[in-house]
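These notes are about the structure you will find just below.
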Amino acid sequence: MTMMKKLLASAVASALMASGAQAAISDNTVKIGYLADMSGTYRDLAGPNGLKAMEMAVADFGGKVNGAKIEIVSADDRNSADVASSTVRRWLENDGVDMVGGLVASSVTLAAVGLLEQNDKLGLVSGAAAASISNESCSPNHIHYVYDTYAFSVGTPTAMVKEGNKRWFILTADYAFGHALEADVTRVVEANGGEVVGSIRHPFPTSDFSSFILQAQASGADVIAMANAGSDTTNAITTAAEFGVTQAGQAIAGLVVFLSDIHALGAEVAQGLQLTTGWYWDMNDETREWSDRFMEKTGTKPTMIHAGVYSSTMQYLKAIEATGSDDAQTVRQHMIKTPINDMFASNGYIREDGRMVHDMYLTRVKTPAESTNEWDLYEIVRTIPGEEAFRPLSESKCRLVKN
């Protein structure tokens, strides 16, 4: 009997130790990887300043969570799926990284999320736009945080078609993100009674848009839509301005445009441009306070990606603090159950497909006369409720959704 009691006590102790080990923070360190384009097309909209935003979140959290040190590593993905795959594989299999954030190019992100699932680690996607990331390519190991092509297609195209701009020509970046955005915009334009009269795909990245803009002009479309991002967008809009596109009566639609793009173009070139954004630095006292701190560290106002990196990192650390674990599934489930109310979103929430749902905003770029300083660039025209902005679960192809 005594031996049986000892064996039983030993078994219970072992079970408790195993349970405690599972709940604990691995290696007593929370290690976060920041992966983004640090030197190319997407440098300004995410890049090194996205890393600064992540560092701000860690510092604001206190540098530790439940006594465990928080450590950040970073890498330049060079907008290459191959570079991303090798980097993420090394981080997860050799370097003990628990979460990968940033993730800007859709091709990079789609390469990374498969590795995250294989290694049961977490990814927080703040920059990639392809809606498939939380649809056909969803997984239990990543969250799509800031925006997607579905949301971008809801705001600007809907408004412009309803204003009478029925005929569209789409200039598309030739990779997953551009293809997804072109498809979503086509769907929305046609659903609202318009038509896409032509499209052309350009290499990613591209510096000379002359031939593409000439083809768009010759189409006779009411709107030339830019299904690209970063320097591709600013180069294309600059070329359109040089060719007198708007003066000749055609409108320009920036589908994925960032504050850094408009600042680079200047209000003189960009004035009147309609665009959809997931966040703007000058919306309220909380966004302004955080943005002022960000600018002190970087010399620039934040884009929605920078704000999303900060917010998603904070939500991740709060989930670890609440659960006492950095286990990917434990953390993700807690994040799904917890509403998001911070400087980025009000009453935001994460669905089972990994889509973070929050309000989006249709904006207009101010004229130079309306702008009070170099960063006073947007007028918010309409708030698009999150349930309207993002694909409804009833239309989801995500394997995690039980319709």
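Everything quoted here is computed from the prediction, not taken from an experiment.
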Indicate yes or no: at least one non-hydrogen side-chain atom of [X] is less than 4.5 angstrom from one of [Y].
X	Y	answer
V146	W279	no
D120	N141	yes
Q315	D342	yes
T186	W168	no
F294	M56	yes

Between [X] and [Y], is any side-chain donor less than 3.5 angstrom from a side-chain acceptor?
X	Y	result
T276	T156	yes
S231	N235	no
D60	Y310	yes
T172	E182	yes
N228	H202	yes
D359	T383	no
Q271	E370	no
S39	D76	yes
D353	S134	no
Q250	D222	no
H142	S139	yes
D261	T234	no

Handout entry: Centroid-centroid distance, Y316 to Y145, less than 6.0 Å
Key =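 No, ring centres 6.0 Å or more apart.
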Practice task
To the nearest 0.5 Å, tell me how far M226 CE sits from L171 CG.
Solution key: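 CG of L171 is found 5.5 Å from CE of M226.
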Problem - M335 and L124: CA distance, side-chain angles, deciding distance, side chain to side chain contact (heavy atoms under 4.5 Å, CB included) verdict - result: CA-CA 11 Å; M335 291 178 72; L124 300 181; 4.1 Å; yes
Problem - Steps toward ring pair (Phe, Tyr, Trp, His ring centres under 6.0 Å) verdict (H358, F344) - result: CA-CA 9 Å; H358 59 95; F344 180 78; 5.0 Å; yes
Under 4.0 Å between a Lys/Arg side-chain N and an Asp/Glu carboxylate O for [X] and [Y]?
X	Y	result
E195	R167	yes
R288	D282	yes
E379	K366	no

Practice task
Could you tell me how the ring of Y147 sits relative to the ring of F152: parallel (under 30°), tilted (30 to 60°) or perpendicular (over 60°)?
Solution key: tilted
Practice task
Determine, step by step, whether D37 and R78 satisfy the salt bridge (Lys or Arg N to Asp or Glu O under 4.0 Å) criterion, reporting the C-alpha distance in whole Å, the side-chain angles of both residues, the deciding distance to 0.1 Å, and the verdict.
Solution key: CA-CA 5 Å; D37 174 9; R78 302 204 295 266; over 6 Å; no
Problem - Verdict with supporting geometry, R399 and E117, salt bridge (Lys or Arg N to Asp or Glu O under 4.0 Å) - result: CA-CA 14 Å; R399 59 192 162 97; E117 184 171 10; 2.7 Å; yes
Handout entry: Chi angles and distances behind the side chain to side chain contact (heavy atoms under 4.5 Å, CB included) call for D148, I133
Key = CA-CA 8 Å; D148 61 29; I133 291 166; over 6 Å; no
